[in-house]
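Here the structure is a predicted model, which is why all the values come from computation and not from measurement.
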Amino acid sequence: MALLKQTWVVMVVLSWGSAAIAGTCLPPAPPWMPTNADHVRAYADLLRRDADVYFADVEQYFRCLDQERREVFEQARKVSGDYARVLEFLDDMRK
C-alpha cells in the first residue's frame with residue numbers, strides 16, 4: 001500500500017509540473033483595422049506593419065500549439081504505461 005501512495009504522490013507532483021507548462025501559448029491579439037477610408041489612408045503604413053506582425057505572431061502561436069500537442073501526447077503515452085503498471089499492481093494485490 002505504501003508503494004501505491006508513493007506512486008500516487010509522484011504522479012500528482014508530475015502533473016503539477018505539466019500543468020505549469022500547459023497554456024504557455026498565448027494567441028496574438030488581432031490588430032485594429034479601421035473602417036473609415038480616411039483612417040486607412042492616414043495609417044496605411046502602420047496598418048501594414050501591424051498586420052505583418054500579427055500574421056508572424058499567428059504562425060509562432062500555431063508552432064507553439066503543435067509543440068505543446070507533441071509534448072502532451074508523449075506525456076499521455078507515458079502516463080498510460082504508468083497507469084497500466086498501477087492496474088497490474090492492484091490486480092496482484094487482489095490475488
Practice prompt. First locate atom CG of D82, then atom CZ of R77, and finally report the distance between them rounded to the nearest 0.5 Å.
Written response: 10.0 Å

Discussion item. Just to verify, what does E59 make a side chain to side chain donor-acceptor pair (under 3.5 Å) with, not counting sequence neighbours?
Written reply: none

Discussion item. Checking side-chain polar atoms at under 3.5 Å, does E71 have a donor or acceptor matched by the opposite partner on Q67?
Written reply: yes

Worksheet item: Do other residues, nucleotides or ligands put more than 12 heavy atoms under 6.0 Å from Q60 CD?
Response: no

Practice prompt. Quick one: pull up OG in S80 and CZ in R85 and give me the separation to the nearest 0.5 Å.
Written response: 9.5 Å

Result block: side-chain N/O donor-acceptor pairs under 3.5 angstrom for residues 26-43, not counting sequence neighbours:
| unit_1 | atom_1 | unit_2 | atom_2 | d |
| --- | --- | --- | --- | --- |
| N36 | OD1 | D38 | N | 2.7 |
| N36 | OD1 | H39 | N | 3.2 |
| D38 | OD1 | R41 | NH2 | 2.6 |

Discussion item. Which residues end up grouped with V53 if you chain together Ile, Leu, Val, Met, Phe, Trp and Tyr wherever their side-chain heavy atoms are less than 4.5 Å apart?
Written reply: none

Practice prompt. Please go through F55's hydrophobic cluster and name the other residues, only I, L, V, M, F, W, Y counting, with side-chain heavy atoms under 4.5 Å joining them.
Written response: Y54, V58, Y61, F62, L65

Discussion item. D45: which residues meet the salt bridge (Lys or Arg N to Asp or Glu O under 4.0 Å) condition with it, sequence neighbours left out?
Written reply: R48

Discussion item. Between D66 and R63 (salt bridge meaning N to carboxylate O under 4.0 Å), is one present in this structure?
Written reply: no

Item to complete: Identify, with sequence neighbours excluded, every residue that meets side chain to side chain contact (heavy atoms under 4.5 Å, CB included) alongside E88.
Response: none

